[in-house]
Amino acid sequence: FSKATSNDVPVKVIGYTSASNKDFCIQTGLYDNVVTYDDILETNEKCVLIDVAGNGSLYQRLQPKLTKALAVGNSNDISEESSTFKQFSWIGTIKLMMTFMGMSNWFPSWLNPQLELFFVFDIMQELKQELGQAKLDVQMDAAMKEFVDAIITNKWMTARTCDSLESIQQAHVDICKGNVKPSEAVVVDMVTAAKKSKN
């Protein structure tokens with residue numbers, strides 16, 4: 001989003017997604033190009049992969065084109081054997097373990113694997129040291145407001161409010177089965193649901 005709304009970031013952003021979500025991603029206008037997981041990336045340029053889906057086969061296919069790959073998580077129904085985390089090299093695994101042990105300040109210069117974990121808490125700590133907490137809070141609040149305003153103005157999203165035990169259970173089923181549209185935000189109101197269940 002920051003890249004799409006600023007001319008100060010001279011990079012091309014390509015969105016990888018499932019075939020069912022491709023049209024939505026295109027409609028947002030946030031990507032220079034949108035391709036599905038089965039498509040071949042037509043570029044001779046070196047790339048950085050930010051992997052939210054945890055798709056190990058995608059990483060394997062793109063590996064020769066990558067200077068860096070950051071694994072954020074596993075948001076899809078992908079088995080452990082097929083996940084991106086299974087592709088970690090021994091260096092990446094050591095860095096992963098050190099990160100979870102809170103030893104990120106001890107990283108030697110050679111500990112720079114092609115594929116590694118994107119650990120947001122370390123990034124936030126670096127930004128806090130660079131900018132200071134007050135300035136960081138102001139910038140984050142401004143960026144979030146800009147993003148939310150864009151969602152509302154462009155009507156990218158609709159909200160489904162779940163404020164009963166039945167609606168929350170149904171939302172859980174829909175999410176697990178992949179039946180929630182990318183344009184739909186599921187808002188769970190546990191307080192109201194709890195009050196309704198007592199009546």
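A quick note: this is a predicted structure, and the numbers were derived from the prediction, not measured. Positions are given from 1 along the sequence.
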What's in the same ILVMFWY side-chain cluster as V191, cut-off under 4.5 Å, chained through other members? none
Answer yes or no: is there a side-chain heavy-atom contact under 4.5 Å between L62 and C47? no
Does the side chain to side chain contact (heavy atoms under 4.5 Å, CB included) test come out yes or no for Q169 and V173, once each step is laid out? CA-CA 6 Å; Q169 290 172 345; V173 171; 5.7 Å; no
Correct closest heavy-atom pair for L165 and A193 would be N-CB, 4.1 Å
Is a side-chain donor or acceptor of K12 paired with a backbone partner of Y31 at a separation under 3.5 angstrom? no
To the nearest 0.5 Å, atom CG of D39 lies from atom OH of Y16 at 7.0 Å
Approximate separation, where rounding is to 0.5 Å, of L70 CG and E116 CD: 6.0 Å
When you measure from the side chain of Q87 to the backbone N and O of Q60, does any donor-acceptor pair fall under 3.5 Å? no
Any idea which heavy atoms bring A171 and C162 closest together, and the distance? CB-SG, 3.7 Å
Answer whether the closest heavy-atom distance between the side chains of L127 and E130 falls below 4.5 Å. yes
Distance in Å, I14 CD1 paired with L41 CG, rounded so as to fall on 0.5 Å steps: 4.5 Å
Q170-D174 side chain donor-acceptor pair, cut-off 3.5 Å: yes
For residues V186 and M157: do they belong to one hydrophobic cluster (side chain heavy atoms under 4.5 Å, members Ile, Leu, Val, Met, Phe, Trp, Tyr)? no
Rounded to the nearest 0.5 Å, what separates atom CD in Q27 from atom NZ in K155? 13.5 Å
Side-chain contact test, heavy atoms from C-beta onward, threshold under 4.5 Å: evaluate it for N154 versus T28 and give yes or no. no
Sub-3.5 Å donor-acceptor pair from the side chain of K128 to the main-chain atoms of I123, do we have one? no
I168 and M190 have their tightest heavy-atom pair at CD1-SD, 3.7 Å
Treat each ILVMFWY residue as a node, draw an edge where side-chain heavy atoms are under 4.5 Å apart, and state whether V120 and L131 are in one component. yes
Contact between E42 and V35 at the side-chain level, heavy atoms closer than 4.5 Å - yes or no? no
Distance from N44 atom CG to K65 atom NZ, nearest 0.5 Å? 6.0 Å
Quick check on K68: does its NZ atom have over 12 non-hydrogen neighbours (other residues, nucleotides or ligands) under 6.0 Å away? yes
Intermediate values then yes/no, side chain to side chain contact (heavy atoms under 4.5 Å, CB included), V34 and T17: CA-CA 7 Å; V34 177; T17 189; 3.9 Å; yes
Side-chain atoms of residues 177-184: list all donor-acceptor pairs with protein atoms under 3.5 Å, sequence neighbours left out, distances to 0.1 Å.
unit_1: E184; atom_1: OE1; unit_2: R160; atom_2: NH2; d: 3.3
unit_1: E184; atom_1: OE2; unit_2: R160; atom_2: NE; d: 3.2

Which residues share a salt bridge (charged side-chain N to carboxylate O under 4.0 Å, His left out) with K196, sequence neighbours left out: D163
Report yes if the side chains of M97 and T93 come closer than 4.5 Å at any heavy-atom pair, otherwise no. yes
Once rounded to the nearest 0.5 Å, what's the spacing between atom CD1 of I151 and atom CD of E146? 11.5 Å
Using 30° and 60° as the class boundaries, would you call the ring planes of W156 and F147 parallel, tilted or perpendicular? tilted
Does the pair D149/K145 count as a salt bridge with the N-to-O cut at 4.0 Å? yes
Do you know which two heavy atoms are closest between Q114 and L66, and how far apart they sit? NE2-O, 2.9 Å
Within the supplied structure, the quantity of interest is the number of heavy atoms (other residues, nucleotides, ligands) at a distance under 6.0 Å from I50 CD1; does it exceed 12? no
Using every non-hydrogen atom in the two residues, find where A71 and T84 come nearest and quote the distance to one decimal. CB-CG2, 4.2 Å
Would you find a donor on one side and an acceptor on the other, under 3.5 Å apart, between the side chain of S197 and the backbone of A194? yes
Please examine the side chains of K95 and F119, heavy atoms only from C-beta on, and report whether any two atoms are closer than 4.5 Å. no
Main-chain N/O of Y37 paired to R61 side chain as donor or acceptor, under 3.5 Å: yes
Are there more than 12 heavy atoms of other residues, nucleotides or ligands under 6.0 Å from atom CD of E45? no
Provide the closest heavy-atom pair for V187 versus A159 in the form atom of the first, atom of the second, distance. CG2-CB, 4.3 Å
